[in-house]
Amino acid sequence: MTVIVRFAPSPTGRIHVGNVRTALLNMLYAKRHDGKFMLRLDDTDTERSTEEFAQGIIEDMAWLGLNYDLTAKQSDRFAAYDAAAEKLKAEGLLYACYETPEELDAKRKRQRMRGLPPVYDRSALELSQDDKDKFEAEGRKPHWRFKLGGGVAEWNDLIRGPVSINTASVSDPVLIRADGTYLYTLPSVLDDIEYGMTHVIRGEDHVTNSGTQIEIFKALGGTPPEFGHHPFLVGADGKGLSKRLGSLSIQSLREDGFEPMAVNSLLAKIGTSDPVEARTTLDELVAECELSKISRAPARFDEAELKHLNARLIHNLPFQDVEARLKTMDLNVSEALWLAVRENLERVSDIAEWIAVVEGPISPVIEDQGFIAKALELLPEGDFTEETWKTWSDAIKEATGAKGKSLFMPLRQALTGMNHGPSMQNLLMLVGPERARARLSGETA
Ligand code: GLU
């Protein structure tokens, strides 16, 4: 059996870290099992879905490197959904209901007051043709509910273990709204059948849906796939992320300068028994992917951890991997500069600060004029090489007796105007003899 899985976002917004965790788990699972991964756009809600959001999702997936083998779009498939709905209607499994939202609300309130669960009472099943005609004459349009069998749906969840949902305690789900549009349930099941999904891996908000969907799979003549429901992400404080998801969209993270593999490394591992580590390729994550490692507890998404991973990746990023990107950022950076400063960067764009330090003009910070004058006097003639810093600082040490921080800090401050930064051996070469002399003379250069 070839594994086929899908990531099925609705293009009603940009995808965020929560969605991407689902996408990533599916993609890694497919790769791990030599299977196929589909991107399915669940765009049956034509009011809220836009082409722009669909393109945004495609862009975000590409940036993360989450490549898929197959694509599908639900808005292309209304004829198939209509045919499936007709089949269910003919079998009496999809029935017309005429209650208004207010009437349904009132029913639920009455049930709650009587201490009953707010499950739909199925009174629409009792309607005669006359009753229905009367409603239609009033201008009411039906919405359509799937008639659940009232049994127990059971499956061995790939993440949660054995799950059973008693569909007698669940309302018959509405599959088609009064305006004729489909809710996600029927199209999703039909697509899962027709595209041959072997596994459905999604968030735990869908556990009850899976119970009802198993019945719909069977009603449509399909075999339910295996299910895996992962817990939600929460923030570092343990609180839900829903209010912050805007700033945690992939688009914002990219604009904030995060590396795609920092995002992937974190999302593949939080909430699992594996440690979170900076990985440079998705293949490494594939090799480590096991759904059974995912814990039942919510996964903590900590932006500080993301920053840390990002810095780790940048500290080892070879020049070839960043050269083109620096050019598109209009930054003129040599390999020597990149290698000299990468360990001081949290984001690639931070390099602008070091370009400014190297190329100037900067204002040197000189507290001890005498010391710096002596240093200038001892600065080797000619071009700077890898040895220049050591030869020079040894000579200053010898001449002044200064050592350690009191030797290095005044030189750093005079040459860079800063108290911290990359190794002076490399920086000195990059600053070069001319600017170094000017700065040591107190000039802005
Ligand atoms: N479009 C659905 C959602 O975003 C898909 C859920 C599923 O994976 O079945 O919730």
Side-chain angles (χ1 to χ4, degrees), residues 7 9 14-29 31-32 60-61 63-66 159 201-205 228-318 321-322 325 341-351 353 420 422:
F7 169 50
R14 294 297 287 244
I15 48 173
H16 49 70
V17 290
N19 308 122
V20 168
R21 178 154 174 259
T22 308
L24 191 58
L25 293 174
N26 275 285
M27 186 264 190
L28 296 175
Y29 191 82
K31 282 245 149 59
R32 177 75 198 247
D60 293 342
M61 295 283 284
W63 179 73
L64 289 162
L66 304 183
I159 297 166
I201 302 162
R202 57 186 175 186
E204 66 184 3
D205 51 329
H229 295 89
H230 60 74
F232 275 152
L233 294 186
V234 293
D237 54 5
K239 297 206 181 110
L241 282 180
S242 56
K243 291 206 186 75
R244 293 170 41 217
L245 286 175
S247 67
L248 296 175
S249 71
I250 297 311
Q251 183 184 27
S252 325
L253 295 179
R254 175 170 52 190
E255 285 167 5
D256 288 346
F258 284 105
E259 300 296 300
M261 278 311 298
V263 178
N264 291 332
S265 298
L266 184 63
L267 292 175
K269 292 301 178 65
I270 44 174
T272 76
S273 51
D274 277 346
V276 174
E277 273 161 335
R279 296 280 181 248
T280 52
T281 62
L282 283 165
D283 285 345
E284 292 165 78
L285 294 173
V286 170
E288 295 159 354
C289 158
E290 295 285 355
L291 294 180
S292 58
K293 291 179 182 170
I294 298 175
S295 139
R296 293 282 309 265
R300 275 176 199 260
F301 177 85
D302 183 351
E303 276 156 281
E305 204 170 5
L306 183 63
K307 281 191 185 146
H308 173 75
L309 287 173
N310 207 60
R312 285 291 296 275
L313 288 171
I314 290 175
H315 297 174
N316 295 309
L317 197 60
D321 292 1
V322 77
R325 198 166 8 141
V341 306
R342 65 180 177 179
E343 286 186 24
N344 287 74
L345 309 178
E346 282 189 347
R347 300 172 306 176
V348 169
S349 58
D350 295 344
I351 199 168
E353 183 187 354
H420 68 97

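Here the structure is a predicted model, which means the values were calculated and not measured.
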Determine, for Arg14 against Asp60, whether the closest basic-nitrogen to carboxylate-oxygen distance falls under 4.0 angstrom. yes
Could you please spell out the steps behind the side-chain contact (heavy atoms from CB on, under 4.5 Å) verdict for Leu253 and Val17? CA-CA 9 Å; Leu253 295 179; Val17 290; 3.7 Å; yes
Measuring from Ile159:CD1 to Ile201:CD1, what's the distance to the nearest 0.5 Å?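 Going from the CD1 atom of Ile159 to the CD1 atom of Ile201 covers 6.5 Å.
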Drop me the distance from Leu266's CG to Phe258's CZ, to the nearest 0.5 angstrom. 10.0 Å
Any heavy-atom pair between the side chains of Met27 and Asn264 that's under 4.5 Å? no
Could you walk me through whether Glu290 and Arg32 pass the side-chain contact (heavy atoms from CB on, under 4.5 Å) check? CA-CA 9 Å; Glu290 295 285 355; Arg32 177 75 198 247; 3.3 Å; yes
Can you give each donor-acceptor pair under 3.5 Å made by side-chain atoms of residues 276-287, sequence neighbours left out, with the distance rounded to 0.1 Å?
| residue | atom | partner | partner atom | Å |
| --- | --- | --- | --- | --- |
| Glu277 | OE1 | Arg279 | NH2 | 2.9 |
| Arg279 | NE | Glu288 | OE1 | 3.2 |
| Arg279 | NE | Glu288 | OE2 | 3.0 |
| Arg279 | NH2 | Glu288 | OE2 | 2.9 |
| Thr280 | OG1 | Glu284 | OE2 | 3.1 |
| Thr281 | OG1 | Glu284 | N | 3.4 |
| Thr281 | OG1 | Glu284 | OE2 | 2.9 |
| Glu284 | OE2 | Thr280 | N | 3.3 |
| Glu284 | OE2 | Thr281 | N | 3.0 |

Heavy-atom pair with the smallest gap, counting every atom of [X] and [Y]:
{"X": "Leu24", "Y": "Ala268", "value": "CD2-N, 3.5 Å"}
{"X": "Ile314", "Y": "Glu346", "value": "CD1-O, 3.4 Å"}
{"X": "Arg296", "Y": "Pro231", "value": "O-CG, 3.4 Å"}

What pairs of residues pass the side chain to side chain donor-acceptor pair (under 3.5 Å) test when at least one of them lies in residues 301-318, not counting sequence neighbours?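 For residues 301-318: Arg244-Glu303.
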Crowded around Lys239 NZ? As in, over 12 foreign heavy atoms under 6.0 Å? no
According to ring-ring contact (aromatic ring centres under 6.0 Å, His included), who are the partners of Tyr29, at least two apart in sequence or on a separate chain?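 Checked Tyr29 against ring-ring contact (aromatic ring centres under 6.0 Å, His included); matches are His33, His199.
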